[in-house]
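Every number for a ligand or one of its atoms is a count from 1 in the order of the listing. Computed from heavy atoms alone, side chains included, the values below leave out hydrogens, waters and symmetry copies.
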Amino acid sequence: MRACYCCATMSAATSSASYKRGRKIVLVMVGLPARGKSYTARHLARYLSWLGYPTKVFNTGEIRRSQLGARQTHEFFDPANIEGLRYRRDLAQQTLDALISWLHEDGRVGIYDATNGTRTRRTEVRERCAREGFAVQFVELDTEDPAVIDRNVRDTKLNSPDYAGMEEGQAVRDFRRRIEHYRSTYEKVADDEGSFVRIVDRGRKVVLHEIDGYLPGRIVFFLSNLQISNRPILLTRHGESMDNVAGRIGGDSDLSPRGREYARALAAYVDSRDDLRDSVDVWTSTLRRTLQTAAPLNREISQWRYLDEIDAGSCDGMTYEEIRRKLPEEYEARRKDKLRYKYPRGESYQDVIQRLDRVIVELERYRSPVLVIGHQAVLRTLYSYFMDIPLQRCPHVEMPLHTIIELQPHAYACVERQIQLT
Ligand code: F6P
């Protein structure tokens, strides 16, 4: 966790706010515009969904645009504009209603993405959620760092339909006035408002108040590490191994001659890129085939046991055909539910997700480019997180050998390109 604990204020949960196991949660974003609320909300939704907690973001701006059309200039957000205020209250209410209905159906965590900048508004939200039986946790993003604000305005707001077709300078000025309208009534979350986490300056300082329970704790840990960063993440399977040639799963075999050729091609490719040559960090598993693939790169590598291939337990070293003949029930069970199926004395994809949680948090925290040399199941799992692939599809994602998948994180999604080397 990047948070400096000496700055963190941690208070024990009061019994009234105590989070009961399994209780549905409403995460209420709080912050002035351009503090990264939507970015954070979407990342959090992707992370929690990937961990298996159905999560969805409800954004007031989207509802506003769908009902009133885009192009509301700053006057609409002026607290002195009575009609604007009425509309905004109504939209905020509709957004919360939609979130609550969804949580009553199949949701586990609803993220309410709006400014929620006044104590009165937050009290209404908290009381309403309590009546519905949901736990509430405020997530306040607090920064006055001009670089962060400027970047948020340029990366996200100027691309928003609100400013489509408007000259950039004019759009920036209008947006800054919108921020000032919100600032005129803004109140930070106070200690008597219940459970909250305040992230100051993108994690330089983190204040925790009444954070109680496993899932709320995990949310806070993720938030404390999340950085806005647009460096590439490159995923590749190791070069072809002798077990790949024989069609055997698991094991710890060496690379085949073709696999060694790929390792050399990978090193030449990294050297050919100015943005990677001196700055890329290389992460491998602890298995020989990934270490041999990394060797020609001729640099320090980080070996992670978490990146080892799915543990096939008593099927390790077998071919799929052998499993089908000798253990037909296992074969059939895996075919029916590849996500949840657990090899005897081995792992399921769900288990792999749990152990890769550490790797994801580290990747979200990192600011330099990373090349992950891994294995089929492990890379499917990492890829599904970054590309927001529904869990059921994760075990079926194509993950070809001798191909680099380059992911370029942008404000709200990753852009992917595949580079086939041999
Ligand atoms: O076949 C290569 C391999 O990495 C095996 O070691 C591993 O068991 C398998 O891929 C994972 O893929 P799947 O989940 O499709 O069996």
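Scanning all protein heavy atoms for the shortest distance to atom 8 (O) of ligand 1 gives I249 CB, 3.5 Å. Among all non-hydrogen protein atoms, the one lying nearest atom 6 (O) of ligand 1 is G250 N, 2.8 Å. What sits closest to atom 16 (O) of ligand 1 on the protein, heavy atoms only, is Y320 OH, 2.5 Å. With hydrogens left out, the protein atom closest to atom 15 (O) of ligand 1 is K338 NZ, 2.7 Å, a heavy atom. Atom 11 (C) of ligand 1 has E309 OE2, 3.7 Å as its closest protein atom, hydrogens excluded (heavy atom only). Nearest protein heavy-atom neighbour of atom 12 (O) of ligand 1: Q376 NE2, 3.2 Å.
Each of the atoms 12 (O), 13 (P), 14 (O) of ligand 1 lies under 4.0 Å from some heavy atom of Y349. Residue contact check: I310 has heavy atoms under 4.0 Å from atoms 8 (O) of ligand 1. Of all atoms in ligand 1, numbered sequentially from 1 with element shown, those under 4.0 Å from a heavy atom of N244 are 2 (C). Ligand-side atoms of ligand 1 in range of R380: 12 (O), 13 (P), 14 (O), 15 (O), range being under 4.0 angstrom from any heavy atom.
By the 4.5 Å heavy-atom criterion applied to side chains, Y47 and V361 are counted as neighbours. A heavy-atom distance below 4.5 Å is not found between the side chains of E240 and Y262. Considering only heavy atoms from C-beta on, T284 stays 4.5 Å or farther from T293 through its side chain.
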- Task: For the pair E362 and Y306, evaluate side-chain hydrogen bond (donor to acceptor under 3.5 Å, both in side chains) and give the outcome as yes or no after the intermediate values.
- Result: CA-CA 12 Å; E362 200 60 10; Y306 294 114; over 6 Å; no

- Go through the steps for Y269 and R273 under the test side-chain hydrogen bond (donor to acceptor under 3.5 Å, both in side chains), then give the verdict. CA-CA 7 Å; Y269 178 76; R273 278 192 42 182; 2.8 Å; yes

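In this structure, R334 counts as a contact residue of ligand 1, since one of its heavy atoms falls inside 4.0 Å of the ligand.
Remark: T381 pairs with no residue by the side chain to side chain donor-acceptor pair (under 3.5 Å) rule, at least two apart or across chains. E132 is linked by a side chain to side chain contact (heavy atoms under 4.5 Å, CB included) to I100, H104, R128, F134, counting only residues two or more places apart in sequence or in another chain.
Other residues, nucleotides and ligands place no more than 12 heavy atoms under 6.0 Å from the CZ atom of R358.
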